[in-house]
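Structure record follows, encoded as structure tokens.
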Amino acid sequence: MCTLEKHGNVFILTLTGSSDLDEHRFSPRVIDSILSALSQAKAQATPGSILVTTSHGKFFSNGFDLAWAQAAGSRTGARERLHQMVEDFKPVVAAMIALPMPTVAAINGHAAAAGFSLALSHDYVLMRRDKGVLYMSEVDIGLTLPDYFVALFRAKIGSASVRRDILLRARKIKGEEAVKMGIVDSAHDSVEQVAEASMRLGKQLASRKWSGEVYAEIRKSLYPELCGVLGLAQKVVLANSKL
Amino acid sequence: MCTLEKRGSLYILTLTGSGEHRLNPTLIDAIQSALRRVKAEPTTSSSALITTAQGKFFSNGFDLAWAQSIQSNLLLMSQKLQSLIHDLITLPMPSIAAISGHVSAAGVFLALSHDYVLMRKDRGFLYMSELDIGMTIPAVYIALLESKIGEPMARRQMLLRAAKLTAKEAVERGIIDAAYDSVDETIRAAVELGEELVKRKWDGHVYAQNRMVILREVLDKLEFDETGGGITNTKSKL
């Protein structure tokens, strides 16, 4: 599942699991709990709020719960369950893009498929350089990509050759390379340092005390194609008392 | 407001005075008037436009003090700016912005509507202030940024971090073309670049057509009153 804690201005969303080897897969229940947590953060947002998302152990998240899909017992059943998770997860990405506060993903381990997408839905992504890879596994395991995944990658990653390497080459990308490829903002020597740097960045962003509503609208305007695919409308906000 | 000078084949448009060169209706009208004069000149030879300013600021954006938070005032300035951007995108000659000082918000849109952007590196910041002052940004201006700045992280840093970028940082992020040690050096480089472009003897109208194709997405989103001045729609759309 996941937990949401508040430390001062910082909301910390943690993907929880049973052990250090937990893959933090997105089953419908996990997706539901993430959506709940994001609603909660949104409801409690004030100027200067920020969200940091992280997990513990070897994996940030390895994507959708394919084992649960297989457990349907038939090919049609499995496909339906997978389709359900793809549809259920779309509101999570939409909620991230519309979230009225800056967002930071503190990547503690492997982030693959939908896990990579969750990371990329954040404004800033920090990861380890000692361990962990970013990996879009779909072409390796024979799954097509949901339209909103591709729109997300197109919005966040500028280089056509990098997008090709990620989506059509299924490259497993380590921290140092991910920085060079323009996928993540920084890579750090250990998981503790990722956590520290994420909190530091979070506090810097929080100190600007931006209006969450304006922040979210500007974020949405930055990604018009993605918003179109997610069905996110934009509105105009005209200034405030500072004028 | 502004002056227009001809130096050989180069037109130099200068925003005059030591103020912030805020883009209010009067200044935008003056700039558009100057551009009309440029367009009206007989095109016997290729030309280029250099836009620059006097004083500490290139332009600090819309005149929010004049607008007094009245929506129709803000809408008028935005529509006039869009009309000006249209003029620059359809200008039948290469254009160079020589950024002589601070450039922020709508001032950045004005600068980026030029083909080349050169900036002094000794003073001045490039700064999208909208997030800090609590204003959202209409889609047409985002389309302009997207067409000129390729890296998503650079656009995010400008819009979602409201970073005050030095000229050097702006070059590194692919936002502007080059940075120079002083305002005189910047203008000298602009003149040199202008002369180099003029030497190619391009047909200005072909140049403009090519530019319009490249900036098609921006052109499609521009909304303004071609008859010059009124508010054509009252939809809430800054």
Side-chain angles (χ1 to χ4, degrees), chain A residues 47 50 97 99-104 120 122-125 152-160 162-163 178-186 201 204-205 207-228 233-243, chain B residues 22 61-75 77-78 105 127-164 172-175 217-218 220-221 234-238:
Chain A
I50 66 133
I97 301 298
L99 204 71
M101 66 184 76
T103 57
V104 180
L120 216 53
H122 290 69
D123 298 321
Y124 300 89
V125 184
L152 180 60
F153 278 77
R154 282 164 55 83
K156 300 284 191 138
I157 299 172
S159 159
V162 169
R163 294 194 299 263
V179 174
K180 278 198 206 110
M181 289 163 87
I183 305 167
V184 311
D185 291 273
S186 57
L201 173 59
Q204 271 174 32
L205 297 168
S207 71
R208 301 289 288 270
K209 296 240 176 288
W210 292 315
S211 148
E213 191 187 10
V214 171
Y215 189 89
E217 290 306 316
I218 294 180
R219 187 204 280 119
K220 285 192 280 180
S221 67
L222 245 190
Y223 308 124
E225 189 200 342
L226 177 59
C227 285
Q234 293 169 234
K235 61 181 191 278
V236 174
V237 178
L238 288 176
N240 57 20
S241 57
K242 285 191 200 176
L243 281 187
Chain B
R22 291 258 177 188
F62 286 133
D63 194 341
L64 300 175
W66 172 81
Q68 292 177 284
S69 301
I70 296 168
Q71 202 186 324
S72 59
N73 287 348
L74 292 161
L75 190 56
M77 283 191 294
S78 181
Y127 168 47
M128 296 304 288
S129 54
E130 286 85 345
L131 182 56
D132 283 343
I133 61 177
M135 291 183 86
T136 54
I137 301 166
V140 58
Y141 301 124
I142 303 285
L144 177 63
L145 290 183
E146 272 185 19
S147 68
K148 299 285 184 142
I149 304 167
E151 256 310 309
M153 278 186 182
R155 300 195 298 264
R156 182 205 63 199
Q157 192 183 25
M158 286 171 79
L159 296 183
L160 288 183
R161 192 109 188 227
K164 287 181 176 149
E172 280 162 9
R173 286 155 181 69
I175 299 166
E217 283 198 27
V218 182
D220 285 347
K221 292 192 160 79
T234 50
K235 269 195 305 177
S236 171
K237 197 173 181 171
L238 215 210

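Below, all heavy atoms of this structure are taken into account, side chains as well, without hydrogens, waters or symmetry copies. In what follows, chains are A, B, ... by sequence order, proteins preceding strands, each numbered from 1.
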Side chain from CB out, backbone as N, CA, C, O: work out which of these in B:Glu146 comes under 4.5 Å of a heavy atom of chain A, or both, or neither.
->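 For B:Glu146, side-chain heavy atoms alone lie under 4.5 Å from chain A.
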
Between B:Ile142 and chain A, which part of the residue has a heavy atom less than 4.5 Å away: side chain, backbone, both or neither?
-> side chain

A:Ser159, A:Pro224, A:Gly158: which one forms the most heavy-atom pairs within less than 4.5 Å of chain B?
-> A:Gly158

Considering only heavy atoms and a distance below 4.5 Å, find which of B:Pro152, B:Ala67, B:Ala65, B:Gly150 pairs most often with chain A.
-> B:Pro152

Rounded to the nearest 0.5 Å, what separates atom [atom1] in [X] from atom [atom2] in [Y]?
| X | Y | atom1 | atom2 | result |
| --- | --- | --- | --- | --- |
| B:Met158 | A:Leu222 | CE | CG | 10.0 Å |
| B:Met153 | A:Asp123 | CE | CG | 11.0 Å |
| A:Ser221 | B:Arg155 | OG | CZ | 11.0 Å |
| B:Arg156 | A:Asp185 | CZ | CG | 4.0 Å |

For A:Trp210 and B:Arg161, work out which heavy atoms get closest and say how close.
-> CZ2-O, 3.6 Å

Write down the atom of A:Tyr215, the atom of B:Leu160, and the distance for their closest heavy-atom approach.
-> CE1-O, 3.2 Å

Give, as side chain, backbone, both or neither, the part of [X] having an atom under 4.5 angstrom from any heavy atom of chain B.
| X | answer |
| --- | --- |
| A:Leu205 | side chain |
| A:Val184 | backbone |
| A:Gln204 | side chain |
| A:Leu201 | side chain |

Any donor-acceptor N/O pair, A:Arg208 side chain to B:Ala162 backbone, under 3.5 Å = yes

Does CD belonging to B:Glu172 count more than 12 external heavy atoms closer than 6.0 Å?
-> yes

